[in-house]
There are 2 protein chains.
Amino acid sequence: MNEEEQQLNKVLMLFYFGYRTFTEKPDQIIEKYGIQRVHHRILYFIAQVPGITVNDLLSILEVTKQALNAPLRLLSEKNLIKMVQADYDKRYKLLYLTEQGKQLESKLSHVQREQMKTIFDSLGSNHQKAWIDVMNALAKVRPGQQQFNTQINKQRH
Amino acid sequence: MNEEEQQLNKVLMLFYFGYRTFTEKPDQIIEKYGIQRVHHRILYFIAQVPGITVNDLLSILEVTKQALNAPLRLLSEKNLIKMVQADYDKRYKLLYLTEQGKQLESKLSHVQREQMKTIFDSLGSNHQKAWIDVMNALAKVRPGQQQFNTQINKQRH
DNA sequence: CTATAAAGGTCAACAGTATTGACCTAATAC
DNA sequence: GTATTAGGTCAATACTGTTGACCTTTATAG
């Protein structure tokens, strides 16, 4: 096995350890708010697509509505998100962050941005671009990613 | 928010989607063997450090012995790993892959290597190096990663 | 030789995340 | 007026993991 193959062999380990480091700090912060990683994820995507519907959100996350229902309810109870009935179609519930929700999401995003920024700054901006390119290649095949892109394009109109 | 910050803002999404794509194919394969991702992870690390002890393995994975016990038992029952009492200290159980285990682990690793190789080949070897550098920066702070390095160094003697 | 420590195993209770399946309401579309 | 869509909810189950308690076997230190 040559050097390149040995490098590739370590990818599983890098993903395992890398993901753990990446989620560690936000996990600690949100714990104090009585929520978990799935709630963080939801806050994140609502921040990216304010006014997204429940159905569209679960398409992005690639989970069932049952998996989303309880976390959404908890976030609503904790006053981190609000659900607004759409006036063009009362069946739709549009999801938004509350002021509190915006503050928390911003705090969490900031922590994760800083963590990555520290690494990218020490390695150089080429590394940042390259890392994002590779992750994007993995992400772009996901139905959830494609759904996300669709939602973002909708917003621009 | 400038362009660089907006890039950094997408890191959570890239990790979420990227990790899902990365684990998708192996998850499908191992399902047919009646095992799951945690078992795959164990096979992987035993393949990297043949003869590792139970205690050292759980230090790498950063899980409790209770979390490791049942999966190890299942892998042993399925004849994918073997546990050998160390002759220098009968308290230690040294973990090895069986022939079947080696074949499965090799199959899974091959699938993941090929997936990454396809991406790296299309983007260039600089991308491969850069991606690994970034992931390594995240991974190296993990006690599990440090434990892993210690185990690898031990093997060389 | 005895006490202690280390490696490992196991049971129970619980939590977090997710699934499938079934069934319900309210609102819109044909 | 019926079918479809958006959303909610209950139940059962699966997977992964934790804490806490308690057990055996083996090695080591005094």
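Residue numbers begin at 1 in each chain, while the letters A, B, ... track the order of the sequences.
- Applying the side-chain hydrogen bond (donor to acceptor under 3.5 Å, both in side chains) definition to pairs two or more places apart or across chains, those involving residues 42-55 of chain A are Thr53(A)-Asp56(A).
- For Val38(B), the listed nucleotide lying nearest its side chain is dG17(D); candidates were dG7(D), dG17(D), dG8(D).
- Here the range on DNA chain C touched by chain A, meaning any atom under 4.0 Å from one of its heavy atoms, is dG16(C) to dT28(C).
- Without hydrogens or angle criteria, Glu62(B) side chain to Gly144(B) main chain gives a donor-acceptor distance under 3.5 Å.
- The closest side-chain donor-acceptor pair between Asn149(A) and Gln145(A) falls under 3.5 angstrom.
- Taking atom CZ of residue Arg73(A) and atom P of nucleotide dG8(D), one finds them 9 Å apart after rounding to whole Å.
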Provide a list of protein-nucleic acid N or O atom pairs under 3.5 angstrom, restricted to nucleotides 22-30 of chain D.
unit_1	atom_1	unit_2	atom_2	d
dA27(D)	OP1	Lys90(B)	N	3.0

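- dG7(D) atom C1' lies 11 Å from atom CG of Leu95(A), rounded to whole Å.
- A salt bridge links Lys102(A) with Glu99(A): at least one charged nitrogen is closer than 4.0 Å to a carboxylate oxygen.
- Atom CG of Leu57(B) is separated from atom P of dG17(D) by 12 Å (rounded to the nearest Å).
- For the pair Gln36(A) CD and dT16(D) C1', the interatomic distance rounds to 15 Å; values are reported in whole Å.
- Screening Glu105(B), Arg113(B), Gln112(B) for a side-chain hydrogen bond (donor to acceptor under 3.5 Å, both in side chains) with Ser109(B), the sole residue that qualifies is Glu105(B).
- Going from atom OH of Tyr92(A) over to atom C1' of dG7(D) covers 11 Å, rounded to whole Å.
- Nucleic acid contact for Glu62(A): sugar-phosphate only, since backbone atoms but no base atoms lie under 4.0 Å from a heavy atom of the residue.
- The shortest heavy-atom contact between Met135(B) and Phe15(A) is CE-CA, 3.9 Å.
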Next on the checklist: The test is side-chain contact (heavy atoms from CB on, under 4.5 Å); show your working for Leu104(B) and Ile35(B) and say whether it passes.
Outcome noted: CA-CA 11 Å; Leu104(B) 176 54; Ile35(B) 59 172; 4.0 Å; yes
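- Rounded to an integer number of Å, the gap from Ile35(B) CD1 to dA14(D) C1' is 16 Å.
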